[in-house]
Amino acid sequence: MKSKATLKQIANELGVAVSTVSKALSDSPEISESTKQRIQEYATLRNYKPNALAQRLKSQQTKTIGVVIPNILNPFFAKVFSGIEKTANERGYTVITYISNESFVKEKQALDLLSNGVVDGFILSVAEESQRKNLTQHFQHVLRDGLPIVMFDRALPDVKCSLVVVDDVEACKEAVTYLVHSGCKNIAFLSCIENLSVGQLRAEGYLQALKDLGKEIHANQIIRTNSEESFNERIEKLLKEEKYDAFLCADEHSSTYVMKRCLQMGKKIPDQISVIGFADGIWSRRLTPSLSTISQHGPEIGAAAAKLLIDEIEASQKGEKIAPQKVIIRTELRKRDSVKKW
């Protein structure tokens, strides 16, 4: 590997001051064009690269955002990340990503590592373990150190920071109303994410919708669990009952699994069973029949989170403070072939 020259080495070899080399490489108007050209050409020849970390430490700004997401395989988080990165780049920031894998320990490790002068702030969705156990101390430490946090999708009410979410309650109310208008009379609710705040809000929306429509609510038409294994066992019993003609699913696993099992059992979708799921990955359009979904507009969530964070970072650098804000992104019910037309 070709060795890299330092500012001091270039200055010695060209017989000029270190400050002259530094200014020439920064294109300073204080240095003549001929001198700048000579120094810049020589620096290129000697494979000189500026020490970005040193420059950032000197300015007390890293121009870097830490993004911590729970699951890299979830298409929703990938879409959110695309929105974060696009907005961050437009504002002159780079992004460092860390995957918590739903673990409190990994989430804490990410915050400890990146908050040590590496990033100016964090955008994150809380790990399942942290949310289930209401573990907040690692977030409080970051905020006390003066680094802003913006949470998206999942949040902790005890952490006073900005938040970007969708209205999960209203989204499920709209979905239930659509199913009823399409002729469905017995709508079951399925969830594998009862341990997450979004799962609880989606269940709340389902229950509110049935109440508003004057429908009876029966405990045996609701599956709310924390694991895919438990869900798979409980759904088999529900599918044997002929009275259900629609399923509102709070997560990707419950929607795809129930569609697969219905088709395996010879039930016709949507003639006999209608299904609506959450998120809106490519798989929802490629299923047969295609799955109606509640789209959370991941890129818009990411863009809004990045804007909030960068605004907070730059206000802080001016000695100003922005109070935590809550941004709600509207969902969209994308009507495909898994629900009867009305």
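Remember, predicted model here, so these are calculated numbers, not experimental data.
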Quick one: salt bridge (Lys or Arg N to Asp or Glu O under 4.0 Å) partners of Glu233, sequence neighbours excluded? none

For residues 178-199, which residue pairs pass the salt bridge (charged side-chain N to carboxylate O under 4.0 Å, His left out) check, not counting sequence neighbours? Glu194-Arg224

Those residues that, when tested against Glu41, pass salt bridge (Lys or Arg N to Asp or Glu O under 4.0 Å) (two or more places apart): none

Can Lys318 and Glu320 be counted as an ion pair, charged N to O under 4.0 angstrom? no

Going by side chain to side chain donor-acceptor pair (under 3.5 Å), name the residues that satisfy it together with Lys133, two or more places apart in sequence or in a different chain. Glu129

Results of salt bridge (Lys or Arg N to Asp or Glu O under 4.0 Å) for Glu30 - residues two or more places apart only: Lys23

Would you mind listing every salt bridge (charged side-chain N to carboxylate O under 4.0 Å, His left out) that reaches into residues 296-316, with sequence neighbours excluded? Arg91-Asp311, Arg91-Glu314, Lys307-Asp311

Glu252: which residues meet the salt bridge (Lys or Arg N to Asp or Glu O under 4.0 Å) condition with it, sequence neighbours left out? none

Arg286: which residues meet the side chain to side chain donor-acceptor pair (under 3.5 Å) condition with it, sequence neighbours left out? none

Donor-acceptor contacts under 3.5 Å from residues 166-176 side chains, at least two apart:
from: Asp167; atom 1: OD1; to: Val169; atom 2: N; distance (Å): 3.4
from: Asp167; atom 1: OD1; to: Glu170; atom 2: N; distance (Å): 3.0
from: Asp168; atom 1: OD1; to: Arg202; atom 2: NE; distance (Å): 2.8
from: Asp168; atom 1: OD1; to: Arg202; atom 2: NH2; distance (Å): 3.2

Phe247: which residues meet the ring-ring contact (aromatic ring centres under 6.0 Å, His included) condition with it, sequence neighbours left out? none

What do you reckon, is CZ of Arg285 surrounded by more than 12 foreign heavy atoms closer than 6.0 Å? yes

Result block: side-chain N/O donor-acceptor pairs under 3.5 angstrom for residues 258-270, not counting sequence neighbours:
from: Arg261; atom 1: NE; to: Glu236; atom 2: OE1; distance (Å): 3.4
from: Arg261; atom 1: NE; to: Glu236; atom 2: OE2; distance (Å): 2.8
from: Arg261; atom 1: NH1; to: Gln264; atom 2: OE1; distance (Å): 2.6
from: Arg261; atom 1: NH2; to: Glu236; atom 2: OE1; distance (Å): 2.9
from: Lys267; atom 1: NZ; to: Leu239; atom 2: O; distance (Å): 3.4

Inter- and intrachain pairs under salt bridge (charged side-chain N to carboxylate O under 4.0 Å, His left out), touching residues 137-153, at least two apart: none

Answer yes when Arg154 and Glu102 have at least one side-chain N-carboxylate O distance shorter than 4.0 Å, and no when they do not. yes

